[in-house]
Amino acid sequence: MNPNKSKPPPKPTIARMGKPSITIPTHLLMFGVMMTPVAAYYYYYAKNKKSDEEMREILTKSPSYTKQITERKAQRKDMVKFLDKIRSTDENSAEVERNLSEVLRAGKSEQKRKHAVDRGFYGSKEGAEMQLKAMADKQNEERERRERKKEEKRLKAAAKNEKKQKKKKKKKKQAA
C-alpha cells in the first residue's frame with residue numbers, strides 16, 4: 001500500500017448523517033399540502049378580483065340579470081299588497097282566505113283526491129260492509145304476499161342446497 005494515497009471518504013449513510021436539524025410532524029406536513037390549493041386560489045382571487053363598480057356594470061349589462069331584478073321588484077310589490085290585505089282582515093276576508101289556502105297548498109287552487117268518494121256510503125250499513133270487505137281483502141293480499149315471500153325463500157334455499165350437493169358429488173368423483 002502506498003502511504004501517499006488516501007482512502008476515499010466513506011459514503012454518507014443515515015447512521016453517519018445524524019439527526020436532521022429540522023423535523024416537521026407528519027400531520028403538519030399533510031395540513032400544509034392540503035392547504036396549498038386553497039392558498040393558491042386565494043392568491044389568484046385576490047390578485048384578479050374585480051371591484052364593486054366593475055361587477056355592477058357587468059351585471060347591469062346582462063339582460064337576464066336586469067329581467068330578474070324587475071321580476072323580483074314586481075313580486076315584492078305583490079307580496080306587500082298581499083300582506084297588507086292580511087293585516088286588514090275586515091275587508092275581502094274571503095279572497096284573502098282563498099289566497100292563503102292556495103299558498104299553503106303549494107299554488108294549487110284546490111286539493112284533489114286520488115280516488116272518487118261516494119258520500120252516500122258514509123254512515124250506512126252498505127258503507128260499513130264495504131269497509132269491512134276492503135279491510136279483509138287487504139289482509140288477504142298481505143297474507144298472500146307473505147306466503148309468496150316464504151315460498152321464494154324456500155325455493156332459493158332448495159336451489160342452494162342442490163348446488164352444494166352437486167359440488168360434494170363432484171369432489172367425491174375427483175377424489176376417487
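The structure presented is a predicted model; accordingly, all values stated were derived computationally and were not measured.
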Over 12 foreign heavy atoms within 6.0 Å of CG, L29:
yes
Take atom CZ in R145; do more than 12 heavy atoms of anything else shown fall under 6.0 Å from it?
yes
Using 30° and 60° as the class boundaries, would you call the ring planes of Y44 and Y41 parallel, tilted or perpendicular?
tilted
Is any side-chain heavy atom of Q75 closer than 4.5 Å to a side-chain heavy atom of R72?
yes
From E162, K164, K169, residue fulfilling side chain to side chain contact (heavy atoms under 4.5 Å, CB included) relative to K166:
E162
What distance separates [X] [atom1] from [Y] [atom2], expressed to the nearest 0.5 Å?
X: L132; Y: M130; atom1: CG; atom2: CE; value: 11.5 Å
X: K49; Y: M55; atom1: NZ; atom2: CE; value: 10.5 Å
X: E142; Y: E147; atom1: CD; atom2: CD; value: 11.0 Å
X: N161; Y: K156; atom1: CG; atom2: NZ; value: 14.5 Å
X: Q68; Y: S62; atom1: CD; atom2: OG; value: 7.5 Å
X: T70; Y: K73; atom1: OG1; atom2: NZ; value: 8.0 Å

Check the hydrophobic clustering (I, L, V, M, F, W, Y; side-chain heavy atoms under 4.5 Å; chains of links allowed) and say if I58 and Y65 are grouped together.
no
In terms of hydrophobic clusters joined by side-chain contacts under 4.5 Å, are M30 and M35 together?
no
So, are K138 and E141 salt-bridged, with charged N and O less than 4.0 Å apart?
no
Salt bridge or not for K125 and E129, using N-O below 4.0 Å?
no
I need the minimum non-hydrogen distance between R143 and N140, along with the two atoms involved.
NH1-OD1, 2.8 Å
Apply salt bridge (charged side-chain N to carboxylate O under 4.0 Å, His left out) to R154 and E151, showing your working.
CA-CA 5 Å; R154 189 187 63 75; E151 185 65 22; 2.5 Å; yes
